[in-house]
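A short worksheet on the structure shown next.
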Amino acid sequence: MRKMLVLAALMASVTGLSRAARAAGWNMPVGVTEVSRDVYGLHMVIFWICVIIGVIVFGIMFYSLFRYRRSKGAQAAHFHEHTTVEVFWTAIPLLILVAMAIPATATLKDMYDASEAELDVMVTGHQWRWHYHYMGEDITFFSNLDTPREQIDGTAEKGENYLLEVDQPLVLPVGRKVRLLMTSSDVIHSWWVPDLAVKKDAVPGFVNEAWTRIDEPGIYRGQCAELCGKDHAFMPVVVQAMEQEAFDTWLAERKQEAAAAASGVDREWKLEELVERGEKVYGSICASCHQADGQGTPPTFPALAGNQAMMDDLDWHIDVVVNGVSGSAMAAFSGTLNPVDLAAVITYERNAWGNETGDVVQPAEIQALIDP
Amino acid sequence: MSGGSYYVPASSKWPILAGLAVGLFMIGTGILLVFDTGLVLVPIGVVAIVAVMALWFRDVIKESRSGLYDDQMDRSFRWGMAWFIFSEVMFFLAFFGALFYVRVFALPWLDGEGAKGVSALLWPDFAASWPLMSPPDSNVAGPKEVVNPWQLPLVNTLFLVTSSITLTLSHEALKEGHRDTTRNCLILTLVLGVLFVCVQGFEYYEAYHHLGITLQAGIYGSTFFLLTGFHGAHVTIGAIILGVMLWRIQKGHFSEHNHFGFEAAAWYWHFVDVVWIGLFIFVYVF
Amino acid sequence: MAPNLPPKAPLEHSQSVAGSPAAHEEEHHYRSGPLRWLLTTNHKEIGTLYLIFSLSMFLIGGVMALVVRLELFQPGLQMVQPEFFNQMTTMHGLIMVFGAVMPAFVGLANWMVPLQIGAPDMALPRLNNFSFWLLPIAFTLLLATLLMPGGGPNFGWTFYAPLSTTYAPPSTTFFIFALHMAGISSILGAINIIATILNLRAPGMRLMDMTLFVWTWLITAFLLIAVMPVLAGVITMMLLDINFGTSFFNAAGGGDPVLFQHLFWFFGHPEVYIMILPAFGIVSVIVPTFARKRLFGYASMVYATASIAILSFLVWAHHMFAVGLPLVAELFFMYTTMLIAVPTGVKVFNWITTLFRGSITFETPMLFALAFIVLFTIGGFSGLMLAIAPADFQYHDTYFVVAHFHYVLVPGAVFSIMAAVYYWLPKWTGHYPDERIGRWHFWLSVIGVNLLFFPMHFAGLAGMPRRIPDYALQFADFNMASSIGGFLFGFSQLLFVWVIVKCVRGGAKAPAKAWEGASDLEWTLPSPAPLHTFETPPDLRGFKFH
Ligand code: HEA
Ligand code: HEA
Ligand code: CUA
Ligand SMILES: [Cu+2]
């Protein structure tokens with residue numbers, strides 16, 4: 001009876017401890033999907049198995065170290081083999097492992113079953129931002145790190161969600177099975193949100209599938225989990241889960257916005273307008289490689305400020321930005337930026353940081369290039 | 001097990017010079033590839049490697065001929081060579097593994113088959129086939145035509161297989177003490193080996209100039225040259241070793257019972273031959 | 001022409017023992033000069049060279065780790081820029097693995113395998129020296145890449161394509177050549193060790209009479225010869241992708257970036273066992289010595305080692321659970337990986353049973369060996385957790401993994417090397433290492449290493465990815481603790497250097513059998529072991545093995 005009580009007290013304090021650990025952010029989050037709860041369960045089971053084995057093994061070890069000290073006059077015994085015990089301690093771990101493998105297999109199968117999804121989102125990793133494409137909905141956007149440079153450099157107070165905030169989160173409906181199709185435009189990235197227990201590599205040229213069904217509305221944060229170059233630390237993932245109606249409203253708004261943003265292709269744009277818009281695009285997309293001051297970090301990323309080849313050859317400049325440079329980090333932006341943004345950023349580059357070409361590139365020109 | 005006469009050589013300058021020579025060659029090649037200068041370093045490196053090896057082996061031959069080596073030493077050499085060949089087997093296995101992976105997994109996936117078939121979303125026009133004539137990205141030009149296995153490659157197969165037989169004959173003759181036969185069969189082996197390399201050189205010329213098989217021609221060209229290229233390099237090295245053996249036979253270095261240098265060369269040659277059979281089947285025929 | 005080959009040339013020397021008179025003269029000639037160390041063919045001198053090289057690399061790699069820890073002391077970018085941080089992480093991993101741990105074990109093998117099997121030297125002494133000298137050349141080249149335009153390798157020690165090919169700095173080509181040289185060195189070194197063990201055992205010593213250190217090295221050498229060529233193959237493919245436009249790791253031409261990972265890990269997983277099997281061997285000779293009791297379950301230790309080696313070829317994709325493998329592959333690799341716990345468990349249980357009812361003393365080598373058993377096992381437990389594929393989706397590429405592998409590598413492999421150094425220093429120098437400094441070194445290391453790596457488990461579970469120079473605020477406390485532990489552990493290693501230097505220069509004289517409970521063959525030789533030992537093989541019929 002006493003033993004039972006002690007055991008119960010131990011169990012209680014242990015569960016209490018693990019709950020406290022979780023709350024303080026010491027343990028894996030339980031998460032907000034069925035899969036994430038299964039994974040958390042597996043994690044805790046295997047953890048406790050290890051703890052128990054550890055207690056037994058180290059217990060015997062420290063007992064021996066203490067009890068059989070020579071300084072206490074211990075005399076060495078002479079046994080050095082015992083087939084039965086050896087078979088025993090080969091078989092027992094094997095059984096434990098088999099017991100562990102069964103639920104693990106079930107969870108894994110579940111994680112791999114991406115069939116019958118109600119919404120498909122194509123997730124594309126770029127150095128160093130995520131791009132989302134709601135398939136069949138014609139909505140695409142980049143999701144960039146939104147933490148100001150000053151916070152990173154330590155000249156401003158760091159915010160609550162330091163490094164885990166983006167300009168536009170991935171918005172998903174709750175209670176619906178969403179299939180995530182992962183790919184990449186350059187190197188391997190890995191899309192990870194701990195609360196969803198989804199981590200899947202985005203491999204260039206291939207597509208990986210993952211899926212999730214979120215139970216509770218909320219904002220869930222994660223990060224790129226595969227070393228992808230310089231700014232690997234600075235490409236967070238943020239998922240905003242909302243109720244179906246809110247999601248539908250959001251979808252409709254997004255579509256309108258996209259249309260508005262892309263509009264104006266046909267009209268004549270003024271230099272200042274383009275430069276103003278281009279500066280924003282440049283700051284959020286291009287500056288991570290070519291730097292805000294256009295100096296780049298040669299030889300890896302060429303400087304654009306004072307780049308004579310670029311200023312002399314407008315066609316080449318446009319071609320590089322629209323079609324990229326194959327076999328380099330310079331991606332083709334025709335699929336991810338609209339013609340207005342492309343024209344704006346090119347115009348900006350030709351008129352910023354002392355590049356005084358005065359050239360104006362009209363969105364219509366770019367449009368004509370993209371679909372002739 | 002040790003018999004009490006195991007020969008431990010005195011200090012030698014060759015090992016460290018060999019290290020420096022290898023370093024020179026590799027750094028030279030690196031400078032050439034990265035900075036596009038310093039071409040001279042590469043041949044200097046090669047010459048240095050060959051020279052140091054020659055001098056090193058000269059010492060070994062001298063020691064062997066002066067009877068410093070016993071049976072146990074002989075076994076050390078045998079183990080050494082055997083495990084070295086095993087390491088070469090693993091080296092080629094990596095390349096064959098890559099070939100199988102691409103053919104069995106990667107290409108079907110890109111074409112929409114199998115576990116990762118969704119990848120075809122990115123390559124709607126791609127159709128997997130082997131030999132891969134049109135790679136997924138249409139900007140990568142595939143080969144125009146592939147090598148017909150039943151022409152030159154078959155000839156080359158015959159060359160190599162025959163050369164293995166002539167080499168065995170040579171070895172048997174050596175064991176029997178028939179010096180002329182030993183030499184003649186070895187010469188024949190060498191001639192076959194050189195012919196093989198020439199034919200392969202011609203095949204490469206054809207591949208580049210008429211068939212459009214280049215290193216850049218997608219994964220087919222990549223694997224083709226990787227496998228045949230490293231194999232060809234091994235045939236060349238093997239032929240050089242056999243050349244040295246020929247020279248040693250002329251100098252009367254080997255006896256009926258003591259000729260491990262020759263046997264090691266033969267092992268190597270047979271290994272290269274076996275690799276070719278694998279190549280012939282998986283690179284050319286299927 | 002005569003039908004028969006001419007007879008052998010007349011013998012220049014009589015069938016002499018190791019080091020004929022002429023050879024001796026030559027050696028004496030070099031003995032005093034600086035060339036001695038460059039040209040040596042002696043296994044003890046080469047062993048020493050390896051060990052010194054390894055220690056220098058450990059310090060250099062350690063300093064790089066300290067740069068990493070310094071940057072991670074606080075959130076924000078303080079000390080270094082991300083570009084440089086990535087180079088530090090990468091170089092730290094590469095140098096520790098290929099420059100510190102592997103050469104240390106090869107150095108120990110050079111010194112101790114001939115002594116433990118009663119051989120006059122390594123089987124191929126000149127080749128041995130060649131294997132060594134490739135290493136300084138390789139690592140000088142590797143370190144030089146840091147000074148090249150665009151910087152050195154910055155893609156992690158696992159250098160996944162295409163980050164390491166299309167998107168890599170120009171110096172990558174040199175990185176590949178440096179790795180080629182290190183690889184050739186390992187292969188030739190391993191060939192030498194195998195040939196020595198299989199062929200040079202003293203008469204009367206059967207395979208099952210060998211010490212476990214020799215056994216584990218025999219199996220390690222086999223692993224090395226099997227997988228280093230695969231690494232050579234995959235970096236060659238990288239070289240071609242970078243410089244010659246091939247498409248091995250590029251889907252546009254029909255290749256696959258994931259192919260790189262399969263080839264890399266086919267090498268990489270056995271590689272991590274290459275870094276632990278000799279450690280098992282060391283612990284298996286030290287524990288019986290200080291427990292004054294025969295190793296429990298000698299035969300099952302040998303079989304367990306062999307099983308681990310065989311299994312290690314079948315588990316590589318557990319590093320790739322998140323890369324998008326087909327379900328069957330995931331299951332296969334999960335099961336095989338879990339299985340490795342069984343033979344490893346046998347080892348742990350055998351060590352503990354060896355302690356049970358022994359007569360135990362706690363000299364410094366024993367302290368390190370005991371800490372090894374506990375802390376390695378903790379690392380093994382986290383390894384087992386990582387093996388559970390669904391859970392690995394959460395652990396993968398977080399600091400949980402970093403915690404796992406540092407536990408098996410630092411208080412694992414590195415502690416075993418330290419234990420070995422303390423254990424064999426008397427044999428090498430003739431002096432006992434200073435026990436008092438040794439204890440300080442031990443306790444500071446144990447405390448430091450746990451403060452350094454234990455919090456990483458929590459950081460990882462809480463969601464901190466690895467290979468990042470800056471992190472979100474909730475990971476701040478863990479990282480600060482780790483960094484403090486890192487500095488404590490790092491600076492404690494200066495004590496280690498001090499003990500070694502002190503021991504080489506003098507100290508309490510050690511007898512042939514420096515440790516009371518020691519029983520292996522090397523303890524029958526005088527301390528310090530003379531330059532040439534077992535020139536005539538000892539007759540071991542009747543010798544009491546282990
Ligand atoms: C010395 C090196 C070493 C050793 C010995 C091990 C040992 C093991 N490792 Fe580790 N591992 C690494 C070095 C090592 N590892 C490195 C360097 C990496 C990261 C590479 C990188 O990405 O940079 C890594 C990564 C790594 C991963 C990939 C994680 C990821 O990236 O997501 C996995 C996954 O399965 C894994 C598993 C294991 C297992 C199951 C063992 C087993 O061998 C452990 C077995 C031991 C025990 C289990 C303890 C003792 C046993 C008992 C007491 C018996 C009873 C126990 C039970 C039944 C529970 N390791
Ligand atoms: C055997 C291998 C080994 C060893 C011994 C270590 C030792 C250490 N490692 Fe290691 N580590 C790896 C192998 C190893 N590591 C690998 C493979 C990786 C993965 C790399 C990758 O992601 O690609 C890694 C990654 C890694 C990271 C993650 C980096 C990241 O993801 O960005 C960190 C972070 O803290 C770290 C820290 C440390 C520390 C503090 C030590 C300490 O133990 C170091 C101790 C410090 C010293 C030994 C310094 C002593 C010197 C002095 C005190 C100064 C004396 C000065 C002179 C003589 C000039 N390591
Ligand atoms: Cu993208 Cu890391
Ligand atoms: Cu592994």
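Labels below follow one simple rule: chain letters A, B, ... track the order of the sequence lines, proteins then strands, and each chain is numbered from 1.
Of the listed residues Ala202(A), Pro204(A), Ala91(A), the one with more heavy-atom pairs under 4.5 angstrom with chain C than any other is Pro204(A). Contacts with chain C were tallied for His82(A), Gln151(A), His78(A); His82(A) has the most, counting heavy-atom pairs under 4.5 Å. Interface summary for chain A: among Thr361(C), Thr166(C), Asn350(C), Leu327(C), the most heavy-atom pairs under 4.5 angstrom belong to Leu327(C). Among the candidates Arg67(A), Lys158(A), Lys200(A), the residue making the largest number of heavy-atom pairs closer than 4.5 Å to chain C is Lys158(A). Among the candidates Thr398(C), Leu370(C), Leu339(C), the residue making the largest number of heavy-atom pairs closer than 4.5 Å to chain A is Leu370(C). In terms of heavy-atom pairs under 4.5 Å with chain A, the best-connected choice from Phe475(C), Phe85(C), Phe458(C) is Phe458(C). Interface summary for chain A: among Thr353(C), Asp392(C), Asp477(C), Thr354(C), the most heavy-atom pairs under 4.5 angstrom belong to Thr353(C). Ranked by heavy-atom pairs under 4.5 Å with chain C, the list Ala225(A), Gly205(A), Pro298(A) is led by Ala225(A). Heavy-atom pairs under 4.5 Å with chain A peak, among Ala459(C), Gly156(C), Ser300(C), at Ser300(C). Interface remark: of the candidates Ala210(A), Ala197(A), Pro93(A), Ala197(A) forms the most heavy-atom pairs closer than 4.5 Å to chain C. Your options are Ile378(C), Asn154(C), Val323(C), Val342(C), and the one with the most heavy-atom pairs under 4.5 Å with chain A is Val323(C).
With a 4.5 angstrom heavy-atom cutoff, Glu226(A) touches chain C via backbone and side-chain atoms both. Proximity to chain C is limited to the side chain of Thr300(A), based on heavy atoms less than 4.5 angstrom apart. Only the side chain of Thr297(A) comes within contact range of chain C, judged by heavy atoms closer than 4.5 Å. Contacts of Ala168(C) with chain A are absent, with no heavy-atom separation under 4.5 Å from either backbone or side chain. Looking at Pro343(C), neither its backbone nor its side chain comes within 4.5 Å of chain A, counting heavy atoms on both sides. Only the side chain of Gln261(C) comes within less than 4.5 Å of a heavy atom of chain A; its backbone N, CA, C and O stay farther away. Contacts between Gln81(C) and chain A at a heavy-atom distance below 4.5 Å involve the side chain alone, from C-beta outward. Looking at Pro149(C), both its backbone and its side chain come within 4.5 Å of chain A, counting heavy atoms on both sides. Residue contact with chain A, scored on non-hydrogen atoms closer than 4.5 Å, involves the side chain of Tyr167(C) exclusively. Heavy atoms of Phe234(A) lying under 4.5 Å from chain C belong exclusively to its side chain. With a 4.5 Å cut-off on non-hydrogen atoms, Ala161(C) touches chain A through its backbone but not through its side chain. Contact of Phe349(C) with chain A is made through backbone and side chain together, with heavy-atom distances under 4.5 Å. Neither the backbone nor the side chain of Glu209(A) has a heavy atom closer than 4.5 Å to any heavy atom of chain C. In this structure, the portions of Leu227(A) lying under 4.5 Å from any heavy atom of chain C include both its backbone and its side chain. With a 4.5 Å cut-off on non-hydrogen atoms, Val85(A) touches chain C through its side chain but not through its backbone. In this structure, no portion of Ile96(A) lies under 4.5 Å from any heavy atom of chain C. Interface residue Leu77(C): backbone and side-chain heavy atoms are both found under 4.5 Å from chain A. In this structure, the portion of Met334(C) lying under 4.5 Å from any heavy atom of chain A is its side chain and not its backbone. Looking at Leu164(A), the atoms closer than 4.5 Å to chain C (heavy atoms on both sides) all sit in the side chain, from C-beta outward. If you measure heavy-atom distances from Phe362(C) to chain A, the contacts under 4.5 Å come from the side chain alone. Heavy atoms closer than 4.5 Å to chain C are found in both the backbone and the side chain of Asp201(A).
By the 4.5 Å heavy-atom criterion applied to side chains, Val346(C) and Trp89(A) are counted as neighbours. Contact check for Pro257(C) versus Ile188(A): side-chain heavy atoms found under the 4.5 Å cut-off. Between Tyr160(C) and Val187(A), every side-chain heavy-atom pair lies at or beyond the 4.5 Å cut-off. In this structure, the side chains of Leu384(C) and Leu97(A) come closer than 4.5 Å at one or more pairs of heavy atoms. Looking only at side-chain heavy atoms (C-beta outward), His232(A) and Leu163(C) stay at 4.5 Å or farther from each other.
Atoms CG and CD1, on Asp470(C) and Ile152(A) in that order, are 6.5 Å from each other to the nearest 0.5 Å. Note: Ile468(C) CD1 to Asp231(A) CG = 12.5 Å, rounded to the nearest 0.5 Å. The distance from the CE atom of Met385(C) to the CE atom of Met28(A) is 7.0 Å, given to the nearest 0.5 Å.
Within a 6.0 Å radius of CD in Gln78(C), other residues, nucleotides and ligands contribute more than 12 heavy atoms. More than 12 heavy atoms of other residues, nucleotides or ligands lie within 6.0 Å of CZ in Arg70(A), so this atom counts as buried by the packing criterion.
Using a 4.5 Å cut-off between non-hydrogen atoms, the part of residues 246-256 of chain C that approaches chain A consists of Ala251(C), Gly255(C), Asp256(C).
With sequence neighbours excluded, the residues satisfying side chain to side chain donor-acceptor pair (under 3.5 Å) with Trp192(A) are Gln394(C). Residues passing the ring pair (Phe, Tyr, Trp, His ring centres under 6.0 Å) test with Phe356(C), sequence neighbours excluded: Tyr68(A).
Nearest approach of Pro162(C) to Asp186(A), heavy atoms of both residues: CG-O, 3.5 Å. Between Ala233(A) and Pro469(C), the shortest heavy-atom contact is CB-CD, 3.5 Å. Heavy-atom minimum distance, Leu295(C) versus His80(A): O-CB, 3.7 Å. Looking at every heavy atom in both residues, Ala74(A) comes nearest to Ser359(C) through O-OG, 2.9 Å. The minimum heavy-atom distance between Ala104(A) and Pro390(C), with the atom names listed, is O-CG, 3.4 Å. In terms of heavy-atom proximity, Lys230(A) sits nearest to Pro82(C) at O-CB, 3.3 Å.
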For residues 50-62 of chain A, which side-chain donor-acceptor pairs fall under 3.5 Å, sequence neighbours excluded?
none

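Under 3.5 Å, the side chains of Glu330(C) and Tyr112(A) contain a donor-acceptor pair of N or O atoms.
Relative orientation of the His43(A) and Phe400(C) rings is perpendicular, given thresholds of 30° and 60° on the angle between their planes. Between Phe79(A) and Phe296(C), the ring planes are perpendicular. Angles over 60° get that label, and only those under 30° would be called parallel.
Using modelled atom types, one side-chain atom of Lys199(A) and one backbone atom of His396(C) make a donor-acceptor pair closer than 3.5 Å. In this structure, the side chain of Asn86(C) engages the main chain of Gly229(A) through a donor-acceptor pair within 3.5 Å. The closest donor-acceptor contact from the side chain of Lys293(C) to the backbone of Ala77(A) lies at 3.5 Å or more, if one exists at all.
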